[in-house]
Amino acid sequence: LAAALSSIERSTKEGERCCDQLSRLARQLDSLTSPASDASAILTQASENLASTLWRMKDAREKFDTVQDCEPAIQRLASGAKEAMEQNSISHRNNKERRETGDEIDAVLFAEGAYSLTEQDLLAAADSMDILRDAHAYFMERPHWKSTPVTLRNLERVHTNGVESMSLLLTAILTACGPACRPKQDKSSRHEHETAPETRHRLGEALQKKDLMNSVGEYEDVFPLEPRPVREIRAVMDCLGGDGSYLGPPERRPKANFNMQQNNKAVRTEKIGSGFYCNLTKTPISTGFPHLDAYAEARRSVACASLDGYNRQLKAEQKKAALRQRSTSAKAVVDVDSAARDAVRCLEHAMVVVAGEKSIFRCIISTTFAEGSKIPAQEYKYAYVRAYTHVVSAVVDRVMDIIELVFFKEAGIGQTSAAASDIETSGSSSSLSIRAASSAAAAGLRILDGVRILGPSLAKLCELSEGRENGDAGSLAGQLCISIHRTTVKNCARTLENLVKSIQNESSDGDQYTLSSNVVRAIRVISPFWSAYKSVSKRRALPWDQNIADDALDMDAYIQCLISKLLSNLQTKAKRYALNQEDKAGSAKGALFMVNNSYYLLEQFSRPSSAALSTVENDEIYCLENAAWFKEKVGGVYQSQKDLYLSHWNILRTRLTSVEKSDLVYQKDKLLSLESGRLIKSRFSTFNEDFEELYQMHCPLKVIDEKLRGILQNDVYNAFLPRYTEFFEKFSKIQFSKKNQESYLKYPPMRVQILIKDLYEIL
């Protein structure tokens, strides 16, 4: 045991010695490996720094090579866009005839192999534009590099070329696709022979059913773009949306220039018939976003071409219809009425065009704002709302000029409204005939009827919800929609005033009742426009009704004015007969002239069927038959003038004074004495002379119809014949002349009655 313990002790000491030796060796080894570890760490950091430097150099190299890498894609885009525009021009030249008539343009631009630019080329160019923007931002953060200015200029050059090429491609696509409308397949949608009440009924019924667009116009709105061009347009819009259309900070973006009236009121600045109403629609748009400008200008030209083509088509139809007319007067009436109808048709077509443009806008623009853009969303919304307004305001502006041209050219409101100096210079007549003025007034009311029905719907189509959110209630399109109604009311009021002036100033003699006949026609042609007239009287103070708004009078006041001017003119003409000293029958002619005309008026407006001017609706028609003032006024004139005329025949009664028995002295042979015979002779001879003179003067006088002739003959009969019959029967039995008894009694009552039945000629 002791030996074992001694051996263990020795082993333990030997182990301790070995451990100390190992510890010394470990410390020695540690002192040798520490520098190597530090060196290794330094080498690792150096390797990482070198890799980062190489990556940054590679990235910088790639950024420097951006122009070289991206320019080919941009060049292919530019070449393809130019080729598309050239192909578009060829297509338009080949389809010139169809474009002039407003038909759809063949979309040959997108046919197989029509142009070399592919959809992949466009997408590659869009990716290149994103790369260019990233590279531009990269170098903007490193302005201290010597090559940064040159590189930035090259990037901006290529990016600008890309923006211009994309905008050019947008123009080509949006122009080549043609108008956003097409003719309706239903032939019943043609309205070239539609009357004003029928138009009002059709549009009013459509408004009640909330189905106006299906009933408006002869065209229907259609989406003209195929899937491929839609994808391409959206790719361009996504690429250039927000701040994608420029490089650099927002303050470097081109400033927008929105042309607006300061007083929120669009006024005419262009010549009537020039195709423009306001010069603001002629100014190119500048929203600060080239792709929106390209969209606006392209669709504006297509929409205006569609409306112009449709208007030319209507004018061609109108000329053909005019050539078929044989009568010059009938032709004039047809021209102004058809021109008014075509103006309303153009307004309906404008609504269809605007509806089609709105569908295009909603498809390609409304969702294109890029998230994370430096430009505020409201600013971009304001810009694309203005772009849409630029398109539709041009359409509204064009239709305004079409409508006002009808007022000035066909309706002739410039003739009676021109200044005296202008009239003398031009050498033209300063007044319209009553028939022309009445047709113009009816045409004006017809146009106003269409404007007041369609105007609110057109204004709604021209608005965007985004515009209302931005408080943009005074857009140019909105101003023009208000101006359509305002100018139409103003011009319509002038046509109504012209009709009053034409009746007042009518100086031609014509037939006995030509003037009255024209006025009757005037009243009948304007009668179907009760509500349209009310729109005028509520908004304008008229010479015969100075009240406006709710205090304004209805059409009854205007008809009273027309009848008053007519009666005043008739009385002036009647006085001319009396002032003619050479004509003994002048006074009778004047009175009979008034009898003829007043009777004609009463007769024309006493027929129940005279108000049935339309089988569609009668609520809008003014009925003069129910007016008590008319019967009282015109009936009074008729009775007073008839009494004045019969007073000429009443003279014969004064010649038939009775001879008392005490004045009759007989001779032996039962013959009257010479003095007594002379008393009877004088009465018969005076009656005969006066009757012959009156009969010769009155027999050739003219009356308007057989009924009035019978009335006057009966009144003439009652004026003197009963008394003459009594006188004749009493004294014809007495022998008051030895030799010439028969000559004094040559007009027995039966013969006088027969002669009276031959009085007057029928016009």
Side-chain angles (χ1 to χ4, degrees), residues 48-85 115-173 231-255 287-295 368-375 380:
E48 291 177 356
N49 291 340
L50 182 61
S52 176
T53 302
L54 290 174
W55 178 83
R56 291 179 182 275
M57 290 180 65
K58 181 181 179 182
D59 185 48
R61 181 64 182 175
E62 289 177 355
K63 299 298 182 185
F64 278 112
D65 291 340
T66 299
V67 173
Q68 183 178 356
D69 294 340
C70 295
E71 193 167 15
I74 301 300
Q75 290 293 342
R76 284 195 301 273
L77 174 64
S79 176
K82 291 178 182 178
E83 185 181 354
M85 284 299 295
Y115 71 113
S116 59
L117 186 67
T118 65
E119 192 173 351
Q120 287 71 25
D121 291 336
L122 177 60
L123 294 176
D127 293 338
S128 298
M129 295 289 285
D130 292 335
I131 296 172
L132 288 171
R133 284 194 292 270
D134 293 340
H136 189 275
Y138 176 86
F139 286 105
M140 287 293 290
E141 295 173 356
R142 294 162 177 79
H144 55 280
W145 290 3
K146 292 183 179 180
S147 57
T148 293
V150 176
T151 305
L152 287 176
R153 285 196 296 271
N154 289 331
L155 290 172
E156 291 171 358
R157 174 181 59 80
V158 177
H159 185 271
T160 301
N161 188 18
V163 172
E164 292 175 352
S165 300
M166 286 187 172
S167 300
L168 188 64
L169 182 63
L170 272 181
T171 301
I173 295 174
R231 291 194 301 270
E232 292 181 345
I233 292 173
R234 285 181 174 174
V236 172
M237 293 294 179
D238 289 338
C239 178
L240 301 183
D243 53 1
S245 59
Y246 70 97
L247 296 177
E251 55 269 15
R252 292 185 59 184
R253 183 172 61 87
K255 299 298 181 183
T287 62
F289 300 93
H291 59 296
L292 295 181
D293 296 344
Y295 151 77
T368 57
F369 184 73
E371 296 295 335
S373 173
K374 299 176 183 178
I375 299 175
Y380 188 70

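In what follows, every heavy atom counts, from backbone to side chain, and hydrogens, waters and symmetry copies are set aside. Positions are given from 1 along the sequence.
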Contact summary for [X] and [Y], nearest pair of heavy atoms:
X      : Y      : result
Pro290 : Gly288 : CD-O, 3.9 Å
His291 : Ser245 : ND1-CB, 4.4 Å
Leu155 : Leu247 : O-CD1, 3.9 Å
Tyr295 : Met237 : CB-CE, 4.3 Å
Gly162 : Met129 : CA-SD, 3.8 Å

So, taking the atom named [atom1] in [X] and the one named [atom2] in [Y], what distance separates them when rounded to the nearest 0.5 Å?
X      : Y      : atom1 : atom2 : value
Glu232 : Leu169 : CD    : CG    : 6.0 Å
Ser167 : Leu292 : OG    : CG    : 9.0 Å
Asp127 : Leu122 : CG    : CG    : 9.5 Å

Checklist entry - Sub-3.5 Å donor-acceptor pair from the side chain of Asp121 to the main-chain atoms of Thr118, do we have one? => result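 Yes, Asp121 side chain to Thr118 backbone: donor-acceptor pair under 3.5 Å.
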Side chains of residues 67-80: which donor-acceptor pairs under 3.5 Å do they make with residues two or more places apart or in other chains?
residue, atom, partner, partner atom, Å
Glu71, OE2, Arg157, NH1, 2.9

Next on the checklist: Pair Leu50, Leu54 - check side chain to side chain contact (heavy atoms under 4.5 Å, CB included), show working.
Outcome noted: CA-CA 6 Å; Leu50 182 61; Leu54 290 174; 4.2 Å; yes
Item to check | Sequence-distant partners of Glu119, salt bridge (Lys or Arg N to Asp or Glu O under 4.0 Å), two or more places apart | outcome: Arg231
Item to check | Which residues share a salt bridge (Lys or Arg N to Asp or Glu O under 4.0 Å) with Asp65, sequence neighbours left out | outcome: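 Once residues adjacent in sequence are excluded, the partners of Asp65 under the salt bridge (Lys or Arg N to Asp or Glu O under 4.0 Å) criterion are Arg61.
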Item to check | With sequence neighbours excluded, residues passing side-chain contact (heavy atoms from CB on, under 4.5 Å) with Glu48 | outcome: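 Result, side-chain contact (heavy atoms from CB on, under 4.5 Å) vs Glu48: Thr44, Gln45.
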Anything under 3.5 Å between a donor and an acceptor, one on a side chain of residues 145-152, the other on a protein residue two or more places apart or in another chain? List them.
residue, atom, partner, partner atom, Å
Thr148, OG1, Arg142, O, 2.7
Thr148, OG1, Trp145, O, 3.4
Thr151, OG1, Ser147, O, 2.8

Item to check | Met85/Thr171 under side chain to side chain contact (heavy atoms under 4.5 Å, CB included): CA gap, chis, key distance, verdict | outcome: CA-CA 8 Å; Met85 284 299 295; Thr171 301; 4.2 Å; yes
